[in-house]
Amino acid sequence: MIKEFVDVLVIGAGPSGCVSASYLHKNNVKVKVVEKTKFPRLVVGESLIPRVMDHFAEAELFESLDAMNFEKKLGARFIRGEEICVFDFSKKFGEGWDWTWQVPRADFDNTMAQEVIRKGIDLEFESEVLEVSFEGKKSKTIVRDKDGNLKEIHANFIIDSSGYGRVLPRLLDLDTPSQLDPHSSIFTHVKDINRTEGEEGTQISFDILETEVWLWVIPFSNGNTSLGVVGPTDFINSLSENKNNAEALRNAIQKSDYYIKRFKGTEFLFEPVKLENYSRAVKRMYGDGFALTGNSSEFLDPVFSSGVAFATESGMLAAKLYLKESQGIEVDWEVEFTEYMKKGIAVFTTYVKEWYTGNLQTLFFHQPENPEVKEKICAVLAGYVWNEENSFVKKHDHVIKNMAYLLNMQKEEKENQGS
C-alpha cells in the first residue's frame, strides 16, 4: 500500500477546506486535500455573507474568485405579502465588508479548488476516506482513489471539512441531534427569462409564504437563478402527495404572490433536490489530532445564509490554531476553538429560532423603521456575530424576544384604542 506523510490532511475541498489548505500552505505547512467527489459538483449554499470575504482575502483566494464576476450581493430583501424589508450591508453597525457574492456553488467551489491546485497544494479528487485511526495526535487515514487503489496518509493533524459527508463525525461517533426543529428544503436552478433589469432582477430575496415557510430567490450573473422552498419537514412533504420534488417546488412557487408571474412555468435546469432535516450538530468539535469545521460540525438553517461563513470561520481558525501548536505554542482548543465558534453559532441559532417564532419578523417589518436597531441586526446578518459591542450580539438571547413583545403590545393598544 502506498504511504504518504503530510503535516495536515484536509478532508473536503469546499470553502472550509480550501481556506484551511491555502492558509496553511502560505505558512509553509505540508498539506494534502482529499475530496470524495469530482468537481464541479452541485451543492447548496449559494448565498454568502460579508464575513466570508475576510477569510478569502486572508487565505489569498479572493483575487481568483473576484475574477469570475459572480453576482455581487449588497444586502438582502425580505418580503411578506405587501411588506418589504431591505437590509443594506453598507448600513450596518461596526466595521467589516459591505458586500459579498451570490454564486452557483459548482463554479465557485471549483474556482477555489483550482486556485489551491495552482498554488501547488496536493488536492486529490474522487478519493474517499474509509478509515481513520489515531496514535496520540498522529493519524493514519486509509483512502481509496478513483482507480480503486488504497493508500495510507499519515498526518500530524486532520481538518475535517467534509461538509454533509461528515467523515469524522460518522467514523468517530460524534453526531448528536440538532437543537433546531426539523426543517427541509427543495431547490433547483432556472433560466431566469423573465428577470427584470436593474436591482429588482438581481437582488437576493426571501419571500415569506407562512411564518415558518419561505421561498428563496438567488439570481446569478450567468442569467440563471436558484429557487428553493424551506419549511417544517411535514409541510415540505405535504407539497406533493406523490413525493415529487418538481411538483412540490412548483406548488410552493404558486403560493408566492410576488414571484408567481416571474417563475410560473419556468423550466427547471435539473431535477429539484430535497434536503431533509438538514440541521446538524456534534458532541465535540475537536479531539487529539483533529478539528471539525463547517457542516462537518454544525449546520443551522439557510434563512440567514450562515453556512459558508461558519465553514470558512472554523476552517481558518483550525488552520491558525494548528500552526500555532506546531510552533510549540500551547493551544487551549476548548476555549480558542469550541467556545469561540459556539459564541457565533449561539447568536445565529437565536436568530433562526426567533425567525421561526415570528418575533424577528415582527422587528423586520415594523413601521416606522428604527435605524439603530436595523443597523445592529444588519451586522448580524452580515456575519459579524462575535462583535459584542453590538447589543444585538451580546444580548441576543433576549433582546429580540423582548423587543417583539413590546412592539406587539403597542400594536394591540393602538388597535384597542381604535375600536
Side-chain angles (χ1 to χ4, degrees), residues 4 6-27 29-46 48 52 55-68 70 101 103-130 132 139 141-147 149 151 153 155 157-171 280 290-297 299 307-320 322:
E4 294 185 18
V6 297
D7 295 321
V8 177
L9 172 64
V10 175
I11 305 173
S16 181
C18 283
V19 163
S20 293
S22 187
Y23 180 83
L24 289 169
H25 178 76
K26 184 175 78 167
N27 286 279
V29 174
K30 187 178 181 182
V31 187
K32 182 179 180 72
V33 182
V34 293
E35 166 59 49
K36 184 179 179 180
T37 66
K38 182 180 180 180
F39 279 23
R41 53 84 167 94
L42 180 70
V43 65
V44 76
E46 301 148 329
L48 310 182
V52 302
H55 308 133
F56 295 143
E58 192 169 7
E60 298 181 353
L61 295 169
F62 174 83
E63 287 186 9
S64 63
L65 293 168
D66 194 40
M68 293 296 291
F70 294 116
W101 294 294
V103 297
R105 283 286 301 278
D107 299 335
F108 187 80
D109 288 14
N110 193 44
T111 299
M112 269 191 296
Q114 295 306 319
E115 177 64 12
V116 163
I117 292 168
R118 191 196 65 77
K119 288 175 181 291
I121 298 168
D122 182 8
L123 194 165
E124 193 173 299
F125 292 109
E126 297 178 88
S127 289
E128 181 180 7
V129 173
L130 303 178
V132 177
S139 60
T141 301
I142 307 298
V143 174
R144 180 171 57 210
D145 68 19
K146 62 181 178 181
D147 298 317
N149 301 314
K151 66 175 67 173
I153 302 175
F157 198 79
I158 297 176
I159 295 177
D160 183 0
S161 302
S162 58
Y164 282 118
R166 301 179 70 75
V167 171
L168 290 187
R170 180 167 39 84
L171 294 177
R280 295 287 185 270
F290 71 88
L292 309 178
T293 71
N295 295 356
S296 297
S297 56
F299 180 74
V308 174
F310 281 132
T312 56
E313 186 83 40
S314 55
M316 178 62 78
L317 182 57
K320 287 181 174 180
Y322 166 77

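Reckoned from all heavy atoms, side chains included, excluding hydrogens, waters and symmetry mates.
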Report yes if the side chains of [X] and [Y] come closer than 4.5 Å at any heavy-atom pair, otherwise no.
X    : Y    : result
L65  : M112 : yes
I121 : V10  : no
L292 : P169 : yes
W101 : D66  : yes

* **side chain to side chain contact (heavy atoms under 4.5 Å, CB included) assessment of E60 paired with K119** => CA-CA 10 Å; E60 298 181 353; K119 288 175 181 291; 3.6 Å; yes
* To do: Test Y23 against E58 for side chain to side chain contact (heavy atoms under 4.5 Å, CB included), laying out the working first.
  => CA-CA 7 Å; Y23 180 83; E58 192 169 7; 4.0 Å; yes
* Using atom types as modelled and distance alone, determine if a side-chain donor or acceptor of D147 lies under 3.5 Å from a backbone N or O of N149. => no
* Asked: Would you say S162's side chain and I11's backbone share a donor-acceptor pair under 3.5 angstrom?
  -> no
Which atom names give the shortest non-hydrogen contact between [X] and [Y], and what distance separates them?
X    : Y    : result
L168 : D160 : N-OD2, 2.8 Å
L24  : A319 : CD2-O, 3.5 Å
A13  : C18  : O-SG, 3.3 Å
S64  : T111 : O-CG2, 3.6 Å

* Verdict with reasoning, Y322 to N27, per side chain to side chain contact (heavy atoms under 4.5 Å, CB included) -> CA-CA 11 Å; Y322 166 77; N27 286 279; over 6 Å; no
* To do: For D7 and F157, run side chain to side chain contact (heavy atoms under 4.5 Å, CB included): C-alpha distance rounded to whole Å, both residues' side-chain angles, the deciding distance at 0.1 Å, then the answer.
  => CA-CA 7 Å; D7 295 321; F157 198 79; over 6 Å; no
* Asked: Should the pair R105-E46 be classified as a salt bridge under the 4.0 Å nitrogen-to-oxygen rule?
  -> no
* Is any NZ, NE, NH1 or NH2 atom of the basic residue among D109 and R41 found under 4.0 Å from an Asp or Glu carboxylate oxygen of the other? ->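 Result for this pair is yes, salt bridge flagged.
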* **T293 versus S161, side-chain donor and acceptor atoms under 3.5 Å** => yes
